[in-house]
Trainee: 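First, the structure itself, so that you have it in front of you.
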Amino acid sequence: MGDRRPYQVTVSDSSGDKQLPILDGTLGPSAINIQRLYADHDLLAFDPGFRSTASCRSAITFIDGEQGILLYRGYPIEELAEHSNFLEVSYLLMFGELPTSAEAQKFENDVRHHTLLHEQILKFYQGFRRDAHPMAIMVGVVGALSAFYNDDIDQMDRVRREEAAVRLIAKMPTIAAASYAYSVGRPIRYPRNDHSYAANFLQMLFGLPSADYVVDPVLAKAIDLIFLLHADHEQNASTSTVRLAASSGANPIACIASGIASLWGPAHGGANEAVIRMLTEIGTVENIPKAIARAKDKEDPFRLMGFGHRVYKNVDPRARVIQKAAKDVLEHLGIDDPLLDIAIQLEQIALKDEYFVERKLYPNVDFYSGILLRAMGFPTNMFTAVFALARTVGWVSHWLELTQDNHGIGRPRQLYVGHPRRPYPSS
Ligand code: SDX
């Protein structure tokens with residue numbers, strides 16, 4: 001993009017010329033401060049897809065789409081993926097700094113002791129059809145959870161806010177695992193205090209009442225990595241949904257339910273499920289050219305799922321980490337998944353094709369994550385539920401940050417293109 005600073009933006013109208021202030025962040029593009037544009041000039045800015053709009057100040061995550069850089073509180077995602085773990089990264093995203101060992105221990109204990117669900121919550125699952133999508137169940141159950149924790153969340157009290165955030169992070173694996181267990185007719189399993197966060201999720205998901213479940217440490221590390229890579233991603237659609245809902249002062253648990261609903265869409269978190277369906281439909285490496293042609297055909301609604309990104313105009317750094325993890329887990333399990341070969345070939349062919357090169361369409365986080373989850377035994381309809389579980393950390397981190405930022409309720413304006421005033425027809 002290049003550095004075109006210093007900017008000067010002037011609004012010229014009947015009252016004369018007025019320069020709009022420019023705001024500079026620590027990294028990334030500067031922003032024209034248009035907060036007074038309507039009040040001073042009776043003018044709105046038009047940006048329906050928010051392609052050029054900064055909705056807030058945030059210090060949590062930074063993305064450089066051109067370079068393919070992702071930083072959590074300044075730390076590169078590749079380094080966190082190699083050296084850290086999901087709960088340490090959760091602490092970092094929520095509170096801004098890596099925890100000391102004592103802080104990490106306390107945080108892990110706090111999370112561990114909030115993993116249980118109120119027994120009455122478990123009854124909500126019985127109301128769903130057995131074939132309900134796990135994301136439909138998660139939206140419903142998390143929404144219902146807000147009824148159990150409403151009066152005791154004083155959003156003005158930092159300690160109560162942080163307690164609500166920890167509670168959500170702790171209960172999501174239990175809720176997600178119960179959604180899967182219910183959908184396959186198994187009894188819902190309880191979390192265990194002698195398991196790590198990742199291992200607990202796996203035992204609740206795949207454990208059976210008829211036998212002890214021994215967690216494979218390689219798979220526990222792989223799911224912890226998946227959680228870490230999906231934890232936050234600045235102002236994506238679901239995080240922006242949570243922020244807008246939270247700006248009215250709504251119950252934070254209900255706000256997270258709105259984030260789950262937004263993440264479900266195939267253009268967002270639902271893409272990992274769509275990638276597996278797409279690769280399965282392609283079926284063989286020989287069919288790749290036809291799929292590429294369909295993705296380029298404007299008359300055909302087919303898109304290369306897992307490709308392209310609103311911000312990344314380079315390879316999503318998370319995709320590379322997940323691709324390697326998928327290869328390692330498949331090798332560890334001795335699985336030869338033809339979908340991985342198709343995905344790798346598809347990426348190589350697409351990245352040489354002018355259509356994708358010109359539009360800077362590269363693999364994103366969803367392109368390989370489904371292959372890794374499938375190798376671990378996750379059913380396709382659970383992929384986005386895993387994404388929602390992980391992104392709960394980002395959502396609560398942005399909720400905590402928003403409660404410190406007093407910009408008031410988010411209320412966009414519009415460019416009205418409807419009928420001018422007209423009288424009701426006289427009979
Ligand atoms: C996530 O925002 C985040 O940070 C999200 C996320 C996170 O961690 O929260 O990173 C997670 O949601 C990743 C994205 C997952 N979605 C997909 O993989 C679905 C497939 N991708 C596309 O739907 C699309 O790329 C989006 C939705 C991701 C981005 O769409 P944009 O920014 O609105 O881009 P666009 O639709 O305007 O596309 C620009 C051009 C168009 O062609 P032209 O009109 O210029 O001729 O690129 C084409 C599009 O048709 N295009 C594609 C394509 N993606 C864009 N063509 C074929 N296949 C694709 N996948």
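All ligand and atom numbering here is 1-based and tracks the order in the structure.
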Trainee: Does R57 pair with E401 as a salt bridge, N-O distance under 4.0 Å?
Mentor: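 Salt bridge between R57 and E401, a charged N being under 4.0 Å from a carboxylate O: no.
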Trainee: Closer than 4.0 angstrom, basic N to acidic O: yes or no for K327 and E331?
Mentor: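 No, no charged N to carboxylate O under 4.0 Å.
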Trainee: Is it true that R294 and E281 have a side-chain N and a carboxylate O under 4.0 angstrom from each other?
Mentor: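 Looking at E281 together with R294, the answer is yes, because their closest N to O distance falls below 4.0 Å.
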Trainee: Quick one: which residue pairs count as a salt bridge (Lys or Arg N to Asp or Glu O under 4.0 Å) with a foot in residues 92-107, not counting sequence neighbours?
Mentor: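 Qualifying pairs: K106-D110.
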Trainee: Does a donor on one side chain sit under 3.5 Å from an acceptor on the other, for E88 and S84?
Mentor: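 There is such a pair (donor and acceptor under 3.5 Å, judged by atom type) between the side chains of E88 and S84.
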Trainee: Does the pair K324/D328 count as a salt bridge with the N-to-O cut at 4.0 Å?
Mentor: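 D328 and K324: salt-bridged.
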Trainee: List by chain and number: which residues place a heavy atom under 4.0 Å from ligand 1?
Mentor: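 Under the 4.0 Å cut-off, ligand 1 touches R51, H233, N236, P266, A267, H268, A271, A295, K298, R303, L304, M305, G306, F307, G308, H309, R310, R318, Y355, R359, L361, N364, D366, F387, R391.
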